[in-house]
J.: 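Pasting a structure here, questions to come.
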Amino acid sequence: MAKFPRLSGMIAATFTPMKENGDINYDEIKRYADYIASTPVEGVFVNGTTGEFSSLTIDERRRILKFWVDAAEGRFKVICHVGSNCQRDSMELAAHAAASGAYGIGCIAPSFFKPATVKAIVDFFAPIAASAPEFPFYYYNMPSMTGVNLPVDKILAEGRKVMPNLAGTKFTHNNLMEMGVCINLQDGEFEVLHGYDEILVSGLAMGAKAGVGSTYNYIPSIYDGIFKAMAASDLEKARELQLKSIKTVEVIIKYGGGVRGGKAIMNLIGINCGECRPPFLPLTKEEYAALEADLDALGFVK
C-alpha cells in the first residue's frame, strides 16, 4: 500500500486561458503560475471542471499540464485531473501526468454511461490508477455534475483493495455526514479534499486539512484566513470570512457560475483567461461592467 505526503491548505482549481478564437493561450500559464506562487496557495488542480476539461481535446489537456508543471518550477504542487467518459483516454492522460512530473492525479466518474454500483466505478478507475502507480490517485466526487452518487466511503474501502495508490477523494458535495464518514474511515486512512468553497468552515470542522476550489484563485486571502482562524479555534473570525466567501459566490452565480463568472473575475484581476468555450456564452460589456460594480460593492480588491 503506497504512502504519500498529505496535502494541506488551498489547492486552486485553475481556469484554462483561451484566446479570442477559442484556442488555448498557453503563454498565459507562466504569468498565471507566477501569480499563484505569490499567494498562500499550496497547489493547483488543472484540467478539472473549472478548467473546462470536457471542452478540451486530449492533446490540449496534455499540453496544458506540461505548461503548468514547467511554469510551477517546484514552487507549488500540480495535480492533474484525468477524468473522461472514455477509460482509455483517462489511462493515457494518467500515464502522461506521471511522465510529466505532476504531483498526483484525480479522476471524476464517467457521466454519460454511468456506473451503477461501487464495483462498476472501482473497475472503471483501477486501470487508470494503475497507469500512474507511483502517484496518488484521488476520486473526484461531484454528483451534482456527474449524476453519480454512490457511497464514497465504500468506493474508498473497496478501491484500496485494487488500487494501492488510492489516496483519497476530492469531495465536491455538501453531504457533510458522508464527508465525516470518509475522513474517519479506517482510522483516517484517506485524504478528503474539501470541494465546496462556500462551506469550507464546515469541512474543516469535520476534519478536512486541504481544499480544492476555484475561488481560491482570486480571493486566496479570505480562505487563508479561514484556514488560520480554524487552526486557532477562532470560529467567529472563520465565520466572518466565510460570509465574505459566500457573498462572492453569490455574485459569481449571477454571471453564470464558477466557470463563466470566475473566468471573468480572473480577467478583471489581470490574468488573461479569456472567455469560455461553447456552450458557455461570452460575457457582454454590460455584464462585465455590472460584475465590476457588484464586486466593488463587496469591497473586492483587484
J.: Salt-bridged, R62 to E92, with N to O below 4.0 Å?
T.: yes

J.: Under 3.5 Å, side chain of N184 to main-chain N/O of G180, donor-acceptor pair present?
T.: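 The answer is yes, because a donor-acceptor pair under 3.5 Å joins these two groups.
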
J.: Return the orientation label for the F300 and Y218 ring planes: parallel under 30°, perpendicular over 60°, tilted otherwise.
T.: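 Rings of F300 and Y218: tilted, 30 to 60°.
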
J.: Less than 4.5 Å apart, any side-chain heavy atom of S144 and any of H173?
T.: no

J.: Please say yes or no: joined through hydrophobic side-chain contacts below 4.5 Å, possibly via intermediate residues, are V181 and V152 part of one cluster?
T.: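 Hydrophobic grouping puts V181 apart from V152.
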
J.: Applying the 4.5 Å side-chain criterion to the ILVMFWY set and letting contacts propagate, would V259 and V44 be lumped into a single cluster?
T.: no

J.: Please report the interatomic distance CG(L298) to NZ(K244), rounded to the nearest 0.5 Å.
T.: 10.0 Å

J.: Pair V41, I11 - check side-chain contact (heavy atoms from CB on, under 4.5 Å), show working.
T.: CA-CA 6 Å; V41 169; I11 309 296; over 6 Å; no

J.: Which residue pairs pass the salt bridge (charged side-chain N to carboxylate O under 4.0 Å, His left out) test with at least one member in residues 276-291, sequence neighbours excluded?
T.: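 Those involving residues 276-291 are E60-R277, R260-E287.
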
J.: Does the side chain of Y288 pick up a donor-acceptor pair with the side chain of N267 at under 3.5 Å?
T.: yes

J.: What distance do I199 atom CD1 and M179 atom CE have between them, rounded to the nearest 0.5 Å?
T.: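 Result: 7.0 Å between the selected atoms.
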
J.: So, K263 side chain and G258 main chain: donor-acceptor pair closer than 3.5 Å or not?
T.: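 Pair absent, no side-chain N/O of K263 close to backbone of G258.
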
J.: F125 versus L166: any side-chain heavy-atom pair under 4.5 Å?
T.: no

J.: So does F112 get a backbone contact from the side chain of N85, meaning a donor-acceptor N/O pair under 3.5 Å?
T.: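 Looks like yes, one N/O pair under 3.5 Å.
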
J.: Please verify the inter-ring angle class for F53 with H81; under 30° counts as parallel, over 60° as perpendicular, anything in between as tilted.
T.: perpendicular

J.: Please evaluate residues E191 and K209 with respect to the criterion salt bridge (charged side-chain N to carboxylate O under 4.0 Å, His left out), reporting the C-alpha separation (whole Å), side-chain torsions for both, the decisive distance (0.1 Å), and the verdict.
T.: CA-CA 8 Å; E191 289 186 81; K209 303 298 182 185; over 6 Å; no

J.: Roughly how far, to the nearest 0.5 Å, is the CD1 atom of I64 from the CG atom of N47?
T.: 5.0 Å

J.: Of all the heavy-atom pairs spanning G261 and L291, show the shortest one and how long it is.
T.: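 Minimum heavy-atom contact is O-CD2, 4.4 Å.
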
J.: Should R6 and S8 count as side-chain neighbours, where that means a heavy-atom distance under 4.5 Å?
T.: no

J.: Counting N and O atoms only, with roles assigned by atom type, does the side chain of E28 sit under 3.5 Å from a partner on the main chain of N272, one being a donor and the other an acceptor?
T.: yes

J.: Is V82 close to I128 at the side-chain level, that is, under 4.5 Å between some pair of heavy atoms?
T.: yes

J.: Mind checking side chain to side chain donor-acceptor pair (under 3.5 Å) for R239 and listing every partner two or more places apart, or none if nothing turns up?
T.: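 R239 satisfies side chain to side chain donor-acceptor pair (under 3.5 Å) with no residue once adjacent residues are dropped.
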
J.: With side-chain contact (heavy atoms from CB on, under 4.5 Å) as the test, would you mind laying out the steps for I24 and R63 before giving the verdict?
T.: CA-CA 10 Å; I24 309 300; R63 291 194 68 197; over 6 Å; no

J.: Could you check whether Y32 and N217, counting side-chain N and O atoms only, form a donor-acceptor pair closer than 3.5 Å?
T.: yes

J.: Does any part of the side chain of M145, heavy atoms only, come nearer than 4.5 Å to the side chain of S111, both counted from C-beta?
T.: no

J.: More than 12 foreign heavy atoms under 6.0 Å from NZ of K30: is that the case here?
T.: yes

J.: Using every non-hydrogen atom in the two residues, find where S131 and P133 come nearest and quote the distance to one decimal.
T.: C-CD, 3.6 Å

J.: Under 3.5 Å, side chain of D153 to main-chain N/O of E178, donor-acceptor pair present?
T.: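 Checking the backbone N and O of E178 against the side chain of D153, no donor-acceptor pair under 3.5 Å is found.
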
J.: Which atoms form the tightest heavy-atom contact between K254 and D294, and what is the distance?
T.: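 K254 and D294 have their closest heavy atoms at NZ-OD2, 2.8 Å.
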
J.: Any idea which heavy atoms bring M230 and V201 closest together, and the distance?
T.: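 So the two residues come closest at CE-O, 3.7 Å.
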
J.: Locate the shortest heavy-atom distance separating A132 from N165; write the atom from each residue and the value.
T.: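 For A132 and N165, the tightest heavy-atom pair comes out as O-ND2, 3.1 Å.
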
J.: Is there a path of hydrophobic side-chain contacts, each under 4.5 Å between heavy atoms, that joins L295 and L243?
T.: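 Different clusters.
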
J.: With under 30° as parallel and over 60° as perpendicular, where do the rings of Y216 and F227 fit, or are they tilted in between?
T.: perpendicular

J.: Keeping the roles fixed (side chain from K228, backbone from G225), state whether a donor-acceptor pair exists under 3.5 Å.
T.: no

J.: Would K170 and Y139 count as a cation-pi pair here, with the cationic atom under 6.0 angstrom from the ring centre and within 45° of the axis?
T.: no

J.: Check for a donor-acceptor pair, side chain of K237 on one end and backbone N or O of A229 on the other, with a separation under 3.5 Å.
T.: no

J.: Excluding sequence neighbours, so at least two apart, what forms side chain to side chain donor-acceptor pair (under 3.5 Å) with K161?
T.: E158

J.: So, N141 and T169: side-chain donor and acceptor under 3.5 Å apart, yes or no?
T.: no

J.: Taking R75 for the side chain and G43 for the main chain, is one N or O donor matched with an acceptor at less than 3.5 Å?
T.: no

J.: For a quick test of reading the model, state the closest non-hydrogen atom pair linking T16 to G51 and the distance between them.
T.: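 Closest approach of T16 to G51: OG1-O, 2.7 Å.
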
J.: Answer yes or no: is there a side-chain heavy-atom contact under 4.5 Å between T50 and T14?
T.: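 No. Closest side-chain heavy atoms not under 4.5 Å.
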
J.: Kindly compute the distance separating CZ (F45) from CG (L7), expressed to the nearest 0.5 Å.
T.: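 If we round to the nearest 0.5 Å, F45:CZ and L7:CG are 11.0 Å apart.
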
J.: Honestly, is K77 close enough over Y103, meaning NZ or CZ under 6.0 Å from the six-membered ring centre and within 45° of the axis?
T.: yes

J.: Would you find more than 12 non-hydrogen atoms of other residues, nucleotides or ligands less than 6.0 Å from N21 atom CG?
T.: yes

J.: When you group the ILVMFWY residues by side-chain heavy-atom contacts below 4.5 Å and let the links chain together, are F280 and F15 in the same group?
T.: no

J.: Before accepting this row, confirm whether a basic side-chain N of the pair D123/K119 lies closer than 4.0 Å to the acidic partner's carboxylate O.
T.: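 Salt bridge between D123 and K119, a charged N being under 4.0 Å from a carboxylate O: yes.
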
J.: How long is the span from the CE atom in M18 to the SG atom in C276, to the nearest 0.5 Å?
T.: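 Between atom CE of M18 and atom SG of C276 there are 7.0 Å.
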
J.: For the atom pair CD1 (I222) and CG (L200), what is the distance rounded to the nearest 0.5 Å?
T.: 11.5 Å

J.: Under 3.5 Å, is there a donor-acceptor pair between the S245 and Y223 side chains?
T.: yes

J.: Assess whether side-chain contact (heavy atoms from CB on, under 4.5 Å) is satisfied between Y138 and C107, documenting all intermediate values.
T.: CA-CA 6 Å; Y138 299 91; C107 192; over 6 Å; no

J.: Report the C-alpha separation of H96 and L65 in whole Å, then their side-chain angles, then the decisive distance to 0.1 Å, and conclude whether the side-chain contact (heavy atoms from CB on, under 4.5 Å) test is met.
T.: CA-CA 9 Å; H96 175 262; L65 173 62; 3.9 Å; yes

J.: Does the side chain of Q87 come under 3.5 Å of the side chain of S90 through a donor N or O and an acceptor N or O?
T.: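 There is no such pair between these side chains.
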
J.: So, does T146 use its side chain to make a donor-acceptor pair with the main chain of V148 at under 3.5 Å?
T.: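 A pair under 3.5 Å: yes.
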
J.: Below 4.5 Å, heavy atoms only, C-beta onward: do I29 and P17 meet side chain to side chain?
T.: yes

J.: Consider only side-chain heavy atoms of I, L, V, M, F, W and Y, link residues closer than 4.5 Å, and tell whether L193 and L176 are in one cluster.
T.: no

J.: Would you check if the distance from the ring center of Y140 to the ring center of F171 is below 6.0 Å?
T.: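 For Y140 and F171, the ring centres are not under 6.0 Å apart.
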
J.: Where the side chain of D197 meets the backbone of T215, is there a donor-acceptor pair that is under 3.5 Å apart?
T.: yes

J.: Under 4.5 Å between any side-chain heavy atoms of E42 and F76, yes or no?
T.: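 A side-chain contact is absent here, since even the closest heavy-atom pair is not under 4.5 Å.
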
